[in-house]
There are 4 protein chains.
Amino acid sequence: MSEVPFSNADSATLRSEETRKQIVDAAAHLLSVQGMAATRLIDVVEYTQMQPAVTYYHFASFGDLVEEVLYCGITEMRNHVEKRLDALPPDTPPVDRLMVAVETHLRRELELSDYGSAWIRNAGHIPGGMTRRLKKEEAAYGRIWRNLFNDAIAGGAIAPGLDVWMARRLMLGAMNSATEWWDPRRGSVDTLVATTQLLIRSCLPSSA
Amino acid sequence: MSEVPFSNADSATLRSEETRKQIVDAAAHLLSVQGMAATRLIDVVEYTQMQPAVTYYHFASFGDLVEEVLYCGITEMRNHVEKRLDALPPDTPPVDRLMVAVETHLRRELELSDYGSAWIRNAGHIPGGMTRRLKKEEAAYGRIWRNLFNDAIAGGAIAPGLDVWMARRLMLGAMNSATEWWDPRRGSVDTLVATTQLLIRSCLPSSA
Amino acid sequence: MSEVPFSNADSATLRSEETRKQIVDAAAHLLSVQGMAATRLIDVVEYTQMQPAVTYYHFASFGDLVEEVLYCGITEMRNHVEKRLDALPPDTPPVDRLMVAVETHLRRELELSDYGSAWIRNAGHIPGGMTRRLKKEEAAYGRIWRNLFNDAIAGGAIAPGLDVWMARRLMLGAMNSATEWWDPRRGSVDTLVATTQLLIRSCLPSSA
Amino acid sequence: MSEVPFSNADSATLRSEETRKQIVDAAAHLLSVQGMAATRLIDVVEYTQMQPAVTYYHFASFGDLVEEVLYCGITEMRNHVEKRLDALPPDTPPVDRLMVAVETHLRRELELSDYGSAWIRNAGHIPGGMTRRLKKEEAAYGRIWRNLFNDAIAGGAIAPGLDVWMARRLMLGAMNSATEWWDPRRGSVDTLVATTQLLIRSCLPSSA
DNA sequence: AATGAATGAGTTTTCATTCAT
DNA sequence: CATGAATGAAAACTCATTCAT
């Protein structure tokens, strides 16, 4: 007969999406906590209390599931940073914009999402190298930071001998390293954000 | 050098030691290049053109071999940094001592030893967690840096809101991140050393 | 044609029959081309752009589907050969009747039906052995050939040492082998029919 | 010390070869009896009372094991036929040579070797198509028969409408079909050989 | 001291089948 | 009737480890 109101015809699709999400979430969690070397398909399905075969309904292989997690990690991170930056008043000074990005990146990496830290911790450990879409997405995120830094140092005098590309990498490396050592018992994320912002600020020529 | 005549027992020992070294070297190389997730016992012995069984003459398990590599990595790193610092004139200013440590750490990590980068890249990815001697050695190395930083900032005014422990971690994280992104084609280690030193210097209160 | 108005029940039945036919046709095609070892349920439904579950509305199991294909293959073959023979004038000489059967068998096997070749190629490869109805149908078809050959050699002198049963099997084997090697680019079916007829004729005692 | 007399230094190698042979033999047996569709790796290892993993010491995959069986089948068959032909007196008439080949092929296919029948029964059912070496070997065997037939019909008058290539295929098809239907209870191999030889002889133009 | 061979306990993967809608 | 989703049982395959020599 006619469709029951409010009953979604796509309920099967929704169920499926939910199942898929559970799997990816579990994988993201384990990858962010244990890293790739210690995360097997079996760990993921045990964590979700499902059957191994479910995975293969949604992904062609375990490797594909991992790739999906990392892809979501970098994409999500980029989207959030972009959104926060776009929401700023147009006249926000470049350095302030950079500080906002630093805060967003750190909070996401540590507090808000297993995907972010899964990406950061495992990006350099992908067995067969990165897929094309991972490379592309990473490059896009990298461009955001390049622009942020370039704007922030524009007009300032770069110290002789300093390589701007390396400097940017070092600062991002500093932020990302927090996934390995940050411990809520040793200090809040707020403190970490403040500290990181202070350090990065002090490295900018405009600070002189 | 050449083999000692009339000393079969010793030559056997030497051969054995050499074999062992080849295995550990190979493991260090692969761990530093591919990371733990992609490095299996089979890869290591294939790299040395040996048989899996050789490993078990020298190590109780594959895990032990990996642990040995990481232990060598951290130990070697500490020894070199200590030696360089000890060789400095006693009246070297603290900041200069820190700069020397930075240079030593970076050169070892990137140029001189697979062990150093094997350690740095995989420290956070050990399946069962660190062994006691790894923890101990890491703590010892950490103390060196704590002292270096403390001496360097002594007397200076710490910015309010800055957490010194975190700041130190961030700076070490920056240095260690180079294993993931450093590419000789984008700049020499000399440049990297200079850039890192400049950045760290600019973060120190004494620079004000 | 167009759908019958006011006859939903029938159109549904028709649709259902059509679906069933699509599946069996696809299975027949794949079995005749690839053989049983390479044909899975998944291949069949993918070929029809359907879902695995459809199969289970029409068949109790994948094995039943395969059996159905083979059963259709042998039945169809027998029916066609019988029809052609029945259509011959009653006074057709036995050898000519045999030649007609040879032509009918070959054309069906190679040109007209995936079912025929599916049967021929896979009859000896059924995992659990033949079902009863397959055995029965095969025996019935075999009887036709036995009679054809018996009539054709009746009155002729059988060479000493020749086993008639084996000779018949060999000739049928020759014909059936064409499914494995016949290639339209190496010669037409017409040529194949002519060649086969010539060979079989030359084996008959009446040819002397 | 010195090597123990009569103790083979390659005993390990011999053992290995023996194990490998057991596996291939078992696979050949099952393939010849059940065909590819019904033969799984697990069946082979169960038959040999070994562990699945042994297979992977000797073969990269189950597919490779199957390929090896088929390759041995065709190679072995060719070698035996060639040897028998080479041992004939140089002045043996071509038709007699052909008869010897027929006998050798049939006996090997039915009595002497699982490899021969494994090849014949499964050649047309290889999932991914034939490997290069299989094709090559098959072509070489085919050339032997082409020459045998060509020599046997040389000088005779080929019936108009008869395709020699097809005729040869049909006769080989007849012989190979015996793997599917031959049953020792219905007649000895001797009888089969005699019958086949008679039929093929009667097809040759020289018989006229 | 070294190694070729083998193995067991796992892992990933497959696939016919079922279920809920 | 049809189907998207899920599943269990079993398959192929992996790999650190051991054994016999």
Side-chain angles (χ1 to χ4, degrees), chain A residues 4 7-20 40-45 50-63 65, chain B residues 8-9 11-20 40-45 50-65, chain C residues 8-9 11-13 15-20 40-45 50-65, chain D residues 3-4 7-20 40-45 50-63 65:
Chain A
V4 179
S7 152
N8 199 320
D10 287 47
S11 73
T13 305
L14 285 176
R15 267 261 186 83
S16 171
E17 278 306 309
E18 212 171 281
T19 304
R20 186 189 142 105
R40 295 152 308 171
L41 171 56
I42 227 183
D43 299 319
V44 176
V45 300
M50 293 178 181
Q51 303 288 328
V54 202
T55 314
Y56 291 88
Y57 183 76
H58 296 281
F59 298 94
S61 70
F62 177 53
L65 166 58
Chain B
N8 277 318
S11 83
T13 306
L14 285 174
R15 270 268 307 274
S16 170
E17 276 307 306
E18 210 170 282
T19 302
R20 184 190 144 104
R40 299 155 306 171
L41 174 55
I42 285 180
D43 300 317
V44 174
V45 297
M50 292 176 185
Q51 301 291 327
V54 206
T55 314
Y56 293 86
Y57 184 78
H58 299 285
F59 297 94
S61 73
F62 178 53
D64 282 12
L65 165 58
Chain C
N8 278 317
S11 83
T13 305
R15 268 271 306 274
S16 170
E17 275 308 305
E18 210 172 282
T19 303
R20 185 190 144 103
R40 299 156 305 170
L41 172 56
I42 285 181
D43 300 317
V44 175
V45 299
M50 292 177 183
Q51 300 291 325
V54 206
T55 314
Y56 292 88
Y57 184 77
H58 299 284
F59 298 95
S61 74
F62 177 53
D64 281 13
L65 166 58
Chain D
E3 290 187 6
V4 181
S7 153
N8 200 318
D10 288 45
S11 72
T13 306
L14 285 175
R15 267 261 188 80
S16 172
E17 279 307 308
E18 214 170 278
T19 304
R20 187 190 141 106
R40 296 153 305 171
L41 171 56
I42 227 182
D43 299 318
V44 175
V45 300
M50 292 176 183
Q51 303 288 327
V54 201
T55 314
Y56 293 90
Y57 183 75
H58 296 282
F59 299 94
S61 71
F62 178 52
L65 166 58

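Note that the structure is predicted; figures quoted are calculated from it, not measured. Within every chain, numbering begins at 1; the chains are lettered A, B, ... in the order of the sequence lines, protein sequences first and strands thereafter.
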With pairs defined as Watson-Crick or G-U wobble and both distances under 3.5 angstrom, please note down DNA chain F as a dot-bracket string, | for pairing with another strand. .||||||||||||||||||||

Taken to the nearest whole Å, CD/B/Gln51 to P/F/dT21 is 18 Å

Over how many whole Å does the gap from A/Met50 atom CE to F/dT7 atom C1' extend? 12 Å

Could you encode protein contacts along nucleotides 14-20 of chain E as a string, one character per nucleotide from 5' to 3', using B for base contact, S for sugar-phosphate-only contact and - for no contact, with a heavy-atom cut-off of under 4.0 Å? BBSBBB-

Does E/dG4 have OP1 or OP2 sitting under 4.0 Å from an N or O in the side chain of D/Ser16? no

Could you check B/Arg20 against B/Glu17 for side chain to side chain contact (heavy atoms under 4.5 Å, CB included), going step by step and ending with a plain yes or no? CA-CA 5 Å; B/Arg20 184 190 144 104; B/Glu17 276 307 306; 4.2 Å; yes

Does E/dA6 have OP1 or OP2 sitting under 4.0 Å from an N or O in the side chain of D/His58? yes

Considering just the side-chain nitrogens and oxygens of A/Tyr57, establish if one lies under 4.0 Å of OP1 or OP2 belonging to F/dA6. no

Whole-Å distance, B/Glu18 CD to E/dA2 C1', equals 14 Å

Heavy atoms of A/Phe59 and A/Leu65 approach each other most closely as CE1-CD1, 3.7 Å

Does the side chain to side chain contact (heavy atoms under 4.5 Å, CB included) test come out yes or no for C/Phe62 and C/Val45, once each step is laid out? CA-CA 11 Å; C/Phe62 177 53; C/Val45 299; over 6 Å; no

When the distance from CZ of D/Phe59 to C1' of F/dT14 is rounded to whole Å, what number comes out? 18 Å

Could you state the CG-C1' distance from D/Leu65 to F/dA11, rounded to the nearest angstrom? 15 Å

Look at all strands and tell whether D/Thr19 reaches a base, only sugar-phosphate, or nothing, counting heavy atoms closer than 4.0 Å. sugar-phosphate

All side-chain contact (heavy atoms from CB on, under 4.5 Å) counterparts of C/Arg40, not counting sequence neighbours: C/Asp43

Non-hydrogen atoms of C/Tyr56 and C/Ser61 that approach each other most closely: CE2-CA, 3.9 Å

Minimum side-chain heavy-atom gap D/Val44-D/Thr55 below 4.5 Å: no

